[in-house]
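Convention: sequence-line order gives letters A, B, ...; per-chain numbering from 1. Worth knowing before you read on, the calculation uses all heavy atoms, side chains too, and leaves out hydrogens, waters and symmetry mates.
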Amino acid sequence: MSLEQDKDRFADAVAEAFRQSYPEQFETVGETGAFSAGEVRAKLEKPKDARMGRFALPVFPYLKLLRAKPDDVASRVAAAANSLLEEDGDSGLSISADGGYLNAKIDQVAQMRATLAEILRKQAAFGNSNDGAGKTILVEYSAPNIAKPFGVGHLRSTIIGNSLRLIFKKLGYHSVGLNYPGDWGTQFGKMIVAFRKWGSEESLQGNAVRNLLDLYVRFHKEAERDAALEDEARLAFKNLEDGEPEATKLWERFKTISYAEFDRIYTLLGVEFDVVYGESFLNDKMNAVIDRLKRDGLVTVSDGALIVDLKDPQLPPSLLRRSDGATLYQTRDLAGMVYRWERWHFHECLYVVGSSQADHFKQALKVIEMMETAEQLPEAQRMAQRLRHIGFGWVKFGGKAMKTREGTLIFLEEVIDEAVKLVREKIEEKNPDLKAIDETALMIGVGAVVFSQLSVRRHKDVNFDWDEVLSFEGETGPYLQYTHARLCSLLRNYGREVGAGVDFSLLDHEEEHRVVELLADFPDAIRDAAANYDSYYLATYLLRLAGAFNKVYQRKDSQGRIDKIISENRALTEARMALVISVVTVLREGLRLLGLKAPEEM
RNA sequence: GCCCCCGUAGCUCAGUUGGAUAGAGCGACGGUUUCCUAAACCGCAGGUCGCAGGUUCAAUUCCUGCCGGGGGUACCA
């Protein structure tokens with residue numbers, strides 16, 4: 001009997017109990033009103049404390065209608081519902097009235113048998129669904145800028161997007177991870193000007209990315225004193241866009257240097273993409289969009305620039321072409337949206353991009369919507385409602401935003417190197433005999449950095465704090481990995497398969513029941529993460545699961561001794577190992593969905 | 001000026017379409033190891049939920065105003 005089925009039976013019984021207990025009021029609300037099973041089902045919630053019940057119905061919303069006190073209603077309905085359930089035979093479900101709530105208690109053994117058997121059978125496929133069958137979802141993330149180093153600021157988009165891509169895949173979507181590096185735009189005018197003025201052949205050798213950054217920062221510093229530099233940069237970019245050979249050659253070299261850097265970082269992080277194309281890929285696709293918008297009668301000229309007036313006092317116009325004829329970021333994203341729609345006909349297209357660009361996406365979405373409305377496209381051919389900006393807060397350092405131009409950014413590689421170094425020291429101290437020490441240190445160090453980006457809801461700013469990122473205790477990636485490693489150690493020590501005839505009733509401690517409840521919640525945790533486009537929900541779920549298991553692991557008996565998982569009692573040990581296997585399975589799969597590795601020893 | 005996000009324990013954050021005593025981690029203090037990996041576990045301490053109103057049986061949650069922080073506000077991305 002699954003949890004969902006229990007909720008349905010609860011709703012049926014309670015709805016009927018309401019009708020029997022308050023027939024007069026039932027007359028007034030009728031069959032589909034407040035006493036219907038559907039209404040009851042929709043009002044179910046999770047009790048604050050798991051001991052109160054598996055799920056609960058508050059009776060407060062019914063008080064006005066019934067003109068009665070909460071305790072009276074609850075106890076009356078509970079009694080009626082329980083006798084209804086009993087008439088159906090042994091149901092494993094009972095209802096208690098407590099403080100105005102109808103708390104549902106489920107037969108623990110039945111629940112454990114159902115949950116653990118399902119996980120043992122499905123293994124890593126537990127939590128899979130076909131929610132997304134036949135649907136394509138695009139996830140754009142990372143999108144670093146060429147000629148700039150990969151800083152911790154790019155980390156969030158990369159980590160969140162990579163995880164979302166994996167989560168949607170698990171839910172049965174055709175999930176396409178897309179990287180869209182910024183390899184075009186005025187910044188290249190700046191780079192070209194800076195390189196010609198202060199750069200040299202040597203700056204493209206050695207630590208080229210670092211040198212390019214220095215040039216970029218210097219440009220902005222000098223431009224503060226000399227405004228003419230900005231004009232020079234605009235001109236240089238215009239030349240690049242017009243295909244000037246020398247500028248194009250420089251641009252190609254900047255690109256080669258940067259892509260090599262990105263690939264190294266992605267390998268380090270274990271991040272993958274299905275499709276990669278830069279902004280320049282859209283260069284020959286922008287005219288078509290501009291022409292299309294013109295035909296739709298949406299384009300006007302303003303101060304020499306080509307714009308779409310969004311007819312919204314809250315939004316500035318969408319700028320398609322500057323007064324000098326050059327295109328903009330907005331133009332390219334519009335062209336990209338049309339391109340993606342024509343190529344994939346996606347169910348949804350997600351842009352995992354910082355919240356500071358919220359207006360940019362509002363504008364672009366509005367333009368698409370106006371375009372599709374003007375063309376009177378049928379619903380099935382419209383994408384405006386399918387485009388979604390998945391914004392996230394800044395990564396700050398010392399309370400301030402890190403900005404490339406000001407040179408106040410921290411290199412991601414620097415952070416990872418430091419984390420790995422500290423992990424290595426810790427392993428040498430605690431587990432010096434570990435064989436794959438380098439690989440393990442890398443998995444854990446990267447895990448700490450990655451998890452630090454997922455432990456706060458995405459729309460909030462996160463403060464980059466060395467001590468926090470490099471902490472391996474408490475609510476961290478290494479905590480999850482450590483719990484996983486200990487579980488694996490139990491499996492090695494046990495060294496046998498768990499047979500079919502496990503007696504789950506032997507798992508009779510509250511701590512064990514709590515773990516099973518959490519295991520049963522795994523599919524919901526994945527759905528929550530997907531529904532909110534935020535892997536944070538999965539991350540905190542895993543922390544709860546690991547915490548719950550650690551309580552089992554270190555539970556003490558009445559004499560104050562650790563009640564070990566593996567003991568002389570064969571049947572008990574086997575039941576507990578079934579639990580261990582289930583937790584390992586979910587923990588490993590959960591970590592994978594977040595983009596973390598799960599070492600078996602550490 | 002206008003728009004968006006944020007404001008909960010000393011610090012970093014949770015708080016599920018409004019519900020039962022506002023919860024974790026870190027830090028502090030006190031415990032647990034003849035070791036199934038102490039990167040763990042237990043206990044204790046710590047909050048006028050920014051402020052003031054309003055709606056409601058019920059507000060940290062919804063509405064209005066104000067205060068404080070951040071972001072955005074057409075020829076950067």
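One C1' atom belongs to B/A28, the other to B/U12, and the distance between them is 16 Å to the nearest Å. Nucleotides B/C42 and B/U33 have their P atoms positioned 15 Å apart, rounded to a whole Å. Spacing of C1' atoms, B/G30 relative to B/A45, comes out at 11 Å, to the nearest Å. Rounded to a whole angstrom, the distance from the C1' atom of B/A40 to that of B/A58 is 40 Å. Spacing of P atoms, B/U64 relative to B/U55, comes out at 15 Å, to the nearest Å. The gap from the P atom of B/G15 to that of B/A24 amounts to 15 Å, rounded to the nearest Å. Going from the C1' atom of B/C49 to that of B/A14 covers 13 Å, rounded to whole Å. Remark: the separation of the P atoms in B/C66 and B/G1 is 10 Å, to the nearest Å.
Looking at heavy-atom distances under 4.0 Å, A/Leu63 makes no contact with the nucleic acid at all. Among the protein residues, A/Ile562 comes within range of the nucleic acid bases, having at least one heavy atom under 4.0 Å from a base atom. Within the 4.0 angstrom heavy-atom criterion, no nucleotide atom of any strand lies near A/Pro70. Residue-level contact check: A/Arg332 touches the backbone only, with heavy atoms under 4.0 Å from sugar-phosphate atoms and none from bases. Here A/Lys551 lies in heavy-atom contact (under 4.0 Å) with sugar-phosphate atoms only. No engagement by A/Ala326 is indicated, since no non-hydrogen atom pair under 4.0 Å with the nucleic acid exists. Counting any heavy atom pair closer than 4.0 Å across all strands shown, A/Pro313 reaches no nucleic acid atom. Across all strands shown, A/Asp303 has heavy atoms under 4.0 Å from base atoms, whether or not it also approaches the sugar-phosphate. At a threshold of 4.0 angstrom between heavy atoms, the contacts of A/Tyr553 include nucleobase atoms, whether or not backbone atoms are also involved. Base engagement by A/Gln357 is indicated by at least one non-hydrogen atom pair under 4.0 Å involving a base atom. Residue contacts shown for A/Asp98 include a base, since a base heavy atom lies under 4.0 Å away. Contacts of A/Ser489 with the nucleic acid, taken as non-hydrogen atoms under 4.0 Å apart, include base atoms. Nucleic acid contact class of A/Ser302 (heavy atoms, under 4.0 Å, all strands): base. Heavy atoms of A/Tyr536 sit under 4.0 angstrom from primed sugar atoms or phosphate atoms, though from no base atom.
In this structure, of B/G15, B/G71, B/C3, it is B/G71 that holds the atom nearest to the side chain of A/Ser356. Distance from the side chain of A/Val456 is smallest for B/A14 among the nucleotides B/A14, B/C41, B/A74. Distance from the side chain of A/Asp461 is smallest to B/G70 among B/A40, B/G70, B/C76.
Remark: B/G23 base-pairs with B/C13. Criterion, Watson-Crick or G-U wobble with two distances under 3.5 Å. With a cut-off of 3.5 Å on both pairing distances, the Watson-Crick or G-U wobble partner of B/G1 is B/U73. Of all nucleotides present, only B/U64 satisfies the Watson-Crick or G-U wobble test against B/A52, with each distance under 3.5 Å. Across every strand in view, B/C41 sits in a pair with B/G31 that passes the Watson-Crick or G-U test at under 3.5 angstrom. The partner of B/G18 cannot be assigned: no Watson-Crick or G-U wobble pair with both contacts below 3.5 Å exists in any strand.
Taking a cutoff of 4.0 Å between a charged side-chain nitrogen and a carboxylate oxygen, A/Glu574 and A/Arg496 do not qualify as a salt bridge. Checked for salt-bridge contact, A/Asp72 and A/Arg76 miss the test: no charged N lies under 4.0 Å from a carboxylate O. The residues A/Arg234 and A/Asp231 are annotated as salt-bridged, a charged nitrogen and a carboxylate oxygen being separated by less than 4.0 angstrom.
Between A/Tyr216 and A/Gln187, the side chains place no donor N or O within less than 3.5 Å of an acceptor N or O (distance only, hydrogens not considered). No donor-acceptor contact under 3.5 angstrom links the side chains of A/Arg332 and A/Asn283, judged on distance only.
Nucleotides of RNA chain B nearest to A/Arg492 and A/Ser455 differ in position, and the one nearer the 5' end is that of A/Ser455.
In this structure, A/Asn550 does not reach the B/A40 phosphate: none of its side-chain N or O atoms is under 4.0 Å from OP1 or OP2. Proximity of A/Lys460 to the phosphate of B/G7: a side-chain N or O atom is located under 4.0 Å from OP1 or OP2. Within the 4.0 Å cut-off from OP1 or OP2 of B/A38, at least one side-chain nitrogen or oxygen of A/Arg486 is found. Distances shorter than 4.0 Å separate none of the side-chain N or O atoms of A/Tyr329 from OP1 or OP2 on B/A74. A close approach under 4.0 Å does occur between a side-chain nitrogen or oxygen of A/Arg457 and OP1 or OP2 of B/G15. Between B/C76 and A/Arg234, a contact under 4.0 Å exists linking OP1 or OP2 to a side-chain N or O. The side chain of A/His360 contributes no N or O atom lying less than 4.0 Å from OP1 or OP2 of B/A77.
Between the side chain of A/Thr483 and the base of B/A40 there is no donor-acceptor pair of N/O atoms closer than 3.5 Å. For A/Asn103 against B/A20, a side-chain N or O and a base N or O form a donor-acceptor pair under 3.5 Å.
Each of A/Lys551, A/Lys556, A/Arg576 was evaluated against A/Asp563; a single residue qualifies, A/Arg576, per the salt bridge (Lys or Arg N to Asp or Glu O under 4.0 Å) test.
The number of heavy atoms from other shown groups lying within 6.0 Å of CZ (A/Arg492) is above 12.
Taking the centre of each ring, A/Trp394 and A/Phe392 stay at or above the 6.0 Å mark.
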